[in-house]
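FYI, the numbering just counts along the sequence from 1.
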Amino acid sequence: MKEPLLWFVLIGASLFVADQFNEADAIVVNDVVRKQIATLWETQMGLKPSDDELDSLVHDWVREEVFYREALRLGLDQEDTIVRRRLVQKLGFLAREVDDESITAKDIQAYYRENIADYTLPIRYSLSQVYFKNPAQYDSLMHRLAEGSNWKELGDSSMLPRSLVRKSERRVTSTFGTEFTTQLTGLIEGKWIGPITSAFGNHIVRLEQLTPEEQRPLAFIEKQVIADLLHQRREDSLNDYYRELLDQYEVVYE
């Protein structure tokens with residue numbers, strides 16, 4: 001009994017025998033599993049599965065479960081970037097759970113006031129413009145505009161819109177470019193101003209109306225505010241959960 005080799009043989013034999021009798025947990029296919037499979041099929045297809053379809057779905061589920069368990073047994077989930085990201089994502093969804101019914105009218109109003117800048121429309125421009133390629137056309141075009149010619153028939157044809165109505169500076173920039181937008185401050189309402197240059201060429205522009213910043217009433221955007229509030233609460237919940245978990249781990253930066 002004092003021989004180490006004898007103990008090594010006995011322990012090894014015991015582990016081998018134990019492994020032979022230690023069967024994997026059974027894969028149980030009961031009514032609960034069948035109902036879950038059938039419900040998922042009905043959700044995706046809009047119809048309840050027939051008996052044959054359900055048998056086929058159960059067979060596929062068992063096949064998937066066998067492969068899944070074997071993959072875990074082989075450790076295929078370890079050091080796998082895709083699996084890692086999916087697990088993190090799933091945990092994030094769980095940590096973001098927020099009770100929608102807990103949000104009160106007072107909460108909505110408070111969030112709206114605290115974030116009023118997000119619900120304020122920026123300055124918007126209503127413009128008319130005459131486009132021309134050759135700078136030498138400028139004097140002639142201005143003269144005809146002064147005479148009252150139809151401005152919609154003047155200048156060169158292009159794909160650019162002749163008018164913009166209540167467009168923000170960002171929208172004007174997306175249409176005419178940054179160079180054009182930087183010259184908007186020189187416009188005078190109701191007066192043709194030019195030449196204003198852009199990446200496309202030259203323009204004579206008339207400011208039709210300058211609409212100042214405007215706070216959108218809560219009554220018109222309440223659904224959006226609620227959605228934004230929910231999003232913030234979910235992110236706060238996730239961050240709180242992360243901080244709680246972080247206290248349980250030691251992080252070593254080398």
Side-chain angles (χ1 to χ4, degrees), residues 24-25 27-28 32-33 35-46 60-61 64-125 166-175 177-178 181-182 211-254:
D25 292 338
I27 297 176
V28 179
V32 174
V33 172
K35 184 176 180 180
Q36 290 175 341
I37 295 173
T39 300
L40 180 60
W41 171 268
E42 186 175 356
T43 300
Q44 294 175 339
M45 307 303 295
D60 291 343
W61 181 85
E64 182 182 85
E65 185 68 15
V66 169
F67 284 160
Y68 169 69
R69 294 190 181 194
E70 183 64 11
L72 291 181
R73 189 187 72 80
L74 295 174
L76 299 183
D77 58 320
Q78 303 298 318
E79 303 302 327
D80 187 300
T81 302
I82 296 176
V83 173
R84 174 189 172 94
R85 289 177 179 173
R86 178 56 182 155
L87 291 175
V88 170
Q89 183 185 51
K90 190 169 184 179
L91 182 61
F93 287 147
L94 295 175
R96 285 187 178 94
E97 283 295 321
V98 174
D99 183 9
D100 299 7
E101 296 181 358
S102 66
I103 296 179
T104 65
K106 186 177 180 180
D107 294 332
I108 298 170
Q109 292 171 356
Y111 183 84
Y112 170 75
R113 289 193 298 268
E114 292 168 4
N115 298 273
I116 192 62
D118 295 334
Y119 307 111
T120 299
L121 295 172
I123 294 174
R124 284 147 292 158
Y125 298 87
R166 289 194 172 191
K167 301 300 181 184
S168 66
E169 184 174 309
R170 178 180 296 180
R171 292 292 300 276
V172 176
T173 300
S174 68
T175 303
T178 303
T181 306
T182 57
T211 305
E213 288 186 351
E214 179 183 0
Q215 294 179 1
R216 289 180 287 175
L218 176 59
F220 294 111
I221 56 171
E222 185 172 356
K223 290 184 178 180
Q224 180 185 342
V225 175
I226 293 174
D228 293 342
L229 175 55
L230 273 172
H231 175 74
Q232 178 174 313
R233 288 196 173 181
R234 286 169 180 151
E235 291 303 308
D236 291 344
S237 176
L238 178 62
N239 290 333
D240 292 342
Y241 182 58
Y242 166 69
R243 284 190 288 270
E244 290 177 6
L245 290 178
L246 187 60
D247 291 338
Q248 304 174 30
Y249 291 87
E250 179 184 3
V251 181
V252 179
Y253 296 94
E254 297 181 346

Before you tell me yes or no, could you show the steps for Q232 and D228 under side-chain contact (heavy atoms from CB on, under 4.5 Å), namely the whole-Å CA-CA distance, both residues' side-chain angles and the distance that decides it to 0.1 Å? CA-CA 6 Å; Q232 178 174 313; D228 293 342; over 6 Å; no
Could you work out, with salt bridge (charged side-chain N to carboxylate O under 4.0 Å, His left out) as the rule, every residue matching D118, not counting sequence neighbours?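 Result, salt bridge (charged side-chain N to carboxylate O under 4.0 Å, His left out) vs D118: none returned.
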Excluding sequence neighbours, so at least two apart, what forms salt bridge (charged side-chain N to carboxylate O under 4.0 Å, His left out) with R113? none
Show me, pair by pair, the donor-acceptor contacts under 3.5 angstrom made by side chains of residues 80-89, not counting sequence neighbours?
unit_1 : atom_1 : unit_2 : atom_2 : d
D80    : OD1    : I82    : N      : 2.9
D80    : OD1    : V83    : N      : 3.1
R86    : NH1    : Q89    : OE1    : 2.8

Once rounded to the nearest 0.5 Å, what's the spacing between atom [atom1] of [X] and atom [atom2] of [Y]?
X	Y	atom1	atom2	answer
Y242	N239	OH	CG	9.5 Å
L91	Y241	CG	OH	4.5 Å
M45	L40	CE	CG	11.0 Å
L230	I103	CG	CD1	3.5 Å

May I have the list of side-chain donor-acceptor pairs in residues 216-227 shorter than 3.5 Å, sequence neighbours left out?
none

Show me the pairs that pass side-chain hydrogen bond (donor to acceptor under 3.5 Å, both in side chains) and involve residues 243-254, at least two apart or across chains. D240-R243
Partners meeting ring pair (Phe, Tyr, Trp, His ring centres under 6.0 Å) with Y125 (sequence neighbours left out):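 Result, ring pair (Phe, Tyr, Trp, His ring centres under 6.0 Å) vs Y125: none returned.
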Those residues that, when tested against Y112, pass ring pair (Phe, Tyr, Trp, His ring centres under 6.0 Å) (two or more places apart):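 Partners of Y112 under the ring pair (Phe, Tyr, Trp, His ring centres under 6.0 Å) test: Y119.
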Tell me which pairs pass salt bridge (charged side-chain N to carboxylate O under 4.0 Å, His left out) where either residue lies in residues 230-239, with sequence neighbours left out. R96-E235, D100-R234, D107-R233
Please identify each residue that fulfils side-chain hydrogen bond (donor to acceptor under 3.5 Å, both in side chains) with Q215, with sequence neighbours left out.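 With sequence neighbours excluded, Q215 shows a side-chain hydrogen bond (donor to acceptor under 3.5 Å, both in side chains) to no residue whatsoever.
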Just to verify, what does E214 make a side-chain hydrogen bond (donor to acceptor under 3.5 Å, both in side chains) with, not counting sequence neighbours?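 E214 satisfies side-chain hydrogen bond (donor to acceptor under 3.5 Å, both in side chains) with R124 once adjacent residues are dropped.
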L238 to G92 - nearest heavy-atom pair and separation: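 What the structure gives for the nearest pair is CD1-CA, 3.9 Å.
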Report all side-chain donor-acceptor pairs from residues 168-175 shorter than 3.5 Å, counting only partners two or more places apart or in another chain.
unit_1 : atom_1 : unit_2 : atom_2 : d
S168   : OG     : R171   : N      : 3.3
T173   : OG1    : E169   : O      : 2.8
T173   : OG1    : T181   : OG1    : 2.7
S174   : OG     : R171   : O      : 2.7
T175   : OG1    : R171   : O      : 3.1

Sequence-distant partners of I27, side chain to side chain contact (heavy atoms under 4.5 Å, CB included), two or more places apart: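 Side chain to side chain contact (heavy atoms under 4.5 Å, CB included) check on I27 returns W61, E65, V66, R69.
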